[in-house]
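So that the names make sense, note that chain A is the first sequence line, chain B the second, and so on, each numbered from 1. Fair warning: this is a prediction, and the values are worked out from it, not measured in the lab.
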Amino acid sequence: MTAAPEHAPKMAEVTFRDRIAPHMPVLLVPLIAIAGFIAIQNPSSWLTLTVSGLAMGMMIFIMASGLTLVFGLMDVINFGHGAFVSVGAFVGISVLMLLGHMTEAPSLMLNLGAILLAVIGAMLATGLMGWAFEKVIVEPVYGHHLKQILVTMGGLIVVEQLIIVLWGPEEIYILRPEALKGAITFAGAAIEKYRLVAVGVGLVVFLAMRWVLRRTKIGLIVRAGVENGEMVQALGYRLRLVFVGVFIAGSALAGLGGVMWGLYQEVITAHMGNHAMILIFIVVIIGGLGSVEGCFIGALLVGLLQNYIAFIEPKAALISNIALMVAILMWRPMGMIPVVKAK
Amino acid sequence: MSDAILKLEGVYTNIAQYHILQGVDLEVPRGAVTMLLGRNGVGKTTTLRTVIGHWRAHQGRILFDGEDITKMPTPAIARMGLGFVPEDMGIFADLTVEENMVLAAASGPINSARLDWIFAAFPPLKTFWKSDAGTLSGGQKQMLSIARAMVEERKLYLIDEPTKGLAPAIISTMARALKDLKDQGASVLLVEQNFAVAKALGDSANVMDDGRMIWSGEMQELATDAALQERLMGLSLEAH
């Protein structure tokens with residue numbers, strides 16, 4: 001019998017670069033924050049801008065999270081997603097106006113209660129609208145991207161015009177609830193109270209989504225469906241129903257984002273959703289289509305970068321988001337956290 | 001044969017402009033392993049995909065456990081008790097091994113005795129239980145794919161080329177697991193190119209060519225007749 005050839009494989013050391021590569025997207029957020037700190041050189045301005053950027057990022061994330069899942073799960077490109085942002089804002093603000101006694105009272109609890117009711121109203125309205133939108137507009141065009149773009153764009157225009165019919169063509173200026181006006185001072189930096197609320201709400205939404213996606217069976221089905229819908233069906237799950245559920249939830253989240261965004265801008269228009277769509281698409285693309293974590297990180301990057309650049313070089317703020325998208329796509333063409341597609 | 005778990009009657013399936021299946025007749029008896037053989041590209045995978053409903057039969061009828069499933073949606077067919085192991089394994093790379101298995105147990109929590117049986121057949125799945133399925137080797141992915149089908153008792157297992165591209169040592173693990181499944185009295189429709197595996201497992205065999213069934217009979221008969229193999233598949237299976 002011949003002896004087996006000597007075989008003593010050596011394990012190569014994993015390089016530092018390989019080790020941090022998977023965590024790079026997460027590390028980008030503190031890296032940008034540190035770069036901002038160095039460039040701004042004024043700790044209190046930096047803190048104000050950072051909180052402001054995080055708040056903006058969280059709101060963009062809330063608006064965008066539904067879109068990324070809808071695309072990942074069913075390959076549906078929904079240009080009409082912005083319609084839910086606008087409708088959410090209008091319904092929510094209308095509820096807030098009805099609750100004048102709660103918003104004008106200088107009590108934080110009453111004010112937050114009013115916002116909560118406004119959010120519930122907006123999410124119910126946009127969730128219901130999402131269900132109808134999916135049934136009437138999206139379902140007939142499954143699998144046809146060009147038709148999806150055209151018909152969902154058309155849906156957006158129809159909804160915008162309906163808002164004008166119902167609420168009139170004028171912009172509506174709003175006052176934030178009493179206790180959320182103004183700023184608090186922390187370490188010499190002025191931080192708007194409302195932005196802290198936005199950061200809190202964004203974090204809660206992100207953590208709740210993560211929990212559902214990672215810890216529940218429905219979350220497993222959604223994650224598996226994003227990767228390989230055909231196989232999920234072969235295991236006995238009705239992906240179509242799951243998709244409708246995700247579409248409704250995504251629309252309701254866009255509605256929540258609409259209320260938050262409206263209160264942030266202190267003005268709402270029928271076209272606000274359409275305008276927000278540019279930012280929404282940027283974060284969905286740089287995050288990796290279908291990835292909730294990627295969308296979250298992308299939104300924070302966009303928020304932070306836009307605020308820093310607007311302070312350092314206001315003119316450059318116009319291109320900062322596009323530049324970020326170009327840079328990230330050159331680094332990772334499928335987005336920061338690409339979703340593995342089976343096909 | 002009256003006690004067929006699955007029956008295809010004159011099934012035609014088109015994919016885009018291509019006419020892939022052109023009148024497939026097939027009977028899969030209950031409690032036995034039925035081999036589906038033939039050269040590459042003759043329609044074996046399409047037959048399985050038509051049964052599970054990924055492709056639609058344009059003509060003909062598919063009966064599963066006595067019920068017409070030709071027009072049924074895939075999830076409904078699967079819930080009737082059909083376990084499917086696709087050619088590309090269809091594992092969810094972003095999910096852990098555990099999550100893959102939990103998802104496959106569609107009717108409730110995983111039965112622990114069944115899980116022990118699966119771990120005994122495929123030890124690496126226990127080792128990598130908490131790892132992302134995407135990090136598994138090709139053989140381990142195939143184990144996971146088959147384990148997913150085995151995690152619940154199914155009336156019929158459709159398994160598409162489970163040993164394709166695997167190392168010999170892993171092929172024998174796979175064959176042992178399938179033999180185990182067979183010994184438990186499971187009904188299996190198996191597409192397999194590895195002759196040794198096909199001969200060891202198959203009770204009956206069906207040979208396809210050009211989208212039709214050209215021969216059906218006992219696996220033993222086909223395995224012992226090199227001339228018949230030559231005539232049906234253009235080459236002797238032993239040569240594989």
Which pairs of donor and acceptor atoms, one on a side chain in residues 172-180 of chain B, lie under 3.5 Å apart (sequence neighbours left out)?
| residue | atom | partner | partner atom | Å |
| --- | --- | --- | --- | --- |
| B:S172 | OG | B:A169 | O | 2.8 |
| B:T173 | OG1 | B:A169 | O | 3.2 |
| B:K179 | NZ | B:D183 | OD1 | 3.3 |
| B:K179 | NZ | B:D183 | OD2 | 3.4 |
| B:D180 | OD2 | B:W117 | NE1 | 2.7 |

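Surrounding CE of B:M72 are more than 12 heavy atoms belonging to other residues, nucleotides or ligands, all under 6.0 Å away. By the 6.0 Å contact criterion, CE on B:M80 is enclosed, its count of non-hydrogen atoms from other residues, nucleotides or ligands being greater than 12. For B:E153, the CD atom counts as loosely surrounded, since its 6.0 Å shell holds 12 or fewer non-hydrogen atoms of other residues, nucleotides or ligands.
Here CZ of B:F84 is found 7.5 Å from CD of A:E230. Values are rounded to the nearest 0.5 Å. With values rounded to the nearest 0.5 angstrom, B:E99 atom CD is found 8.0 Å from A:R215 atom CZ. The CZ atom of A:R223 sits 4.5 Å away from the CG atom of B:L95 when rounded to the nearest 0.5 Å.
Taking 4.5 Å as the limit, every side-chain heavy atom of B:P73 sits out of range of all side-chain heavy atoms of A:R238.
Taking B:P75, B:A105, B:A78, B:A76 one by one and counting their heavy-atom pairs under 4.5 Å with chain A, the maximum is reached by B:P75. Of the listed residues (A:L220, A:L239, A:I221, A:V232), the one with the most heavy-atom contacts under 4.5 Å to chain B is A:L220.
The minimum heavy-atom distance linking B:R79 with A:G236 is given by the pair NH1-O, 2.7 Å. Of all heavy-atom pairs spanning A:N228 and B:F92, the tightest one is O-CE2, 3.6 Å. Annotation for A:L235 and B:A106: closest pair O-CB, 3.6 Å, computed over non-hydrogen atoms. Between B:G108 and A:K217, the closest heavy-atom pair is O-NZ, 4.4 Å. What you find for A:A234 and B:I52 is that their closest heavy atoms are CB-CG1, 4.2 Å.
Using a 4.5 Å cut-off between heavy atoms, A:R214 contacts chain B through its backbone alone, with no side-chain atom that close.
Of the possible polar contacts, one joining the A:E227 side chain to the B:A93 backbone as a donor-acceptor pair under 3.5 Å is found.
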